[in-house]
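Worksheet: one structure, shown below.
Order of appearance sets the numbers: ligands from 1, and atoms from 1 within every ligand.
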Amino acid sequence: MGRVAELGSLGVVARMLCENCHKNEATCHVCTVVGDVSQSRDLCSECYEASSPEAREFSAAQHDARCEYCGGQPCGGGTDFLAMATGVQKLKFMCMPCSMEHNRFVQEQLRDDALELSQPEQLAMLRKIDRHADEHMRQWISERGPLS
Ligand SMILES: [Zn+2]
Ligand SMILES: [Zn+2]
């Protein structure tokens, strides 16, 4: 997105409008394959959400999301990397203070020799860290108390 705007300001690429509503700037470039025909569409985020059940689900989840640990306002949000690494696909949202603490804890737990481990060993380690991080966060919140 940033790149297009940058190029646009240099006059190389014109701002692209959503091909569905012709109103908003197209920020989502969607490739759909139907049969052997692949089609690329440039949509604004509104039309993209309307056209894709997954996108809608994600933005709905983001809309209602609360911080997993303290119930605060989530920042950014999305699938956390441990969940991706361990194959457990779930959306996890954290507020800024919690995600910083979570991240700090995980970094601390990651062993330097992790890269030398075999993949199953890495997975086992990540699963363990994920569980420990959960426990640590609950502990951390109960010591810290609710923010607001
Ligand atoms: Zn649109
Ligand atoms: Zn939180």
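Around atom CD of E46, no more than 12 heavy atoms belonging to other residues, nucleotides or ligands sit under 6.0 Å away.
Of all the heavy atoms in C98 and I141, the pair that sits closest is SG-CD1, 3.6 Å. M125 and L110 get closest at one heavy-atom pair: CE-CD2, 4.0 Å. When all heavy atoms of A133 and H102 are compared, the pair lying nearest together is CB-NE2, 3.6 Å. The minimum heavy-atom distance linking L43 with C18 is given by the pair CA-SG, 3.8 Å.
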Inset, instruction - For the pair C95 and E68, evaluate side chain to side chain contact (heavy atoms under 4.5 Å, CB included) and give the outcome as yes or no after the intermediate values. - result: CA-CA 8 Å; C95 67; E68 167 114 3; over 6 Å; no
Legend entry - Test side chain to side chain contact (heavy atoms under 4.5 Å, CB included) applied to M94 and Y69, step by step: CA-CA 7 Å; M94 285 182 271; Y69 299 109; 3.5 Å; yes
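Each protein N/O/S atom under 2.8 Å from the Zn ion (ligand 1) was counted, for a total of 4.
Taking SG of C44 as the start and CE of M16 as the end, the distance is 13.0 Å to the nearest 0.5 Å.
Among protein atoms, those of element N, O or S found less than 2.8 Å away from the Zn ion (ligand 2) are C67 SG, C70 SG, C95 SG, C98 SG.
A side-chain N or O of E143 and one of Q139 form a donor-acceptor pair less than 3.5 Å apart.
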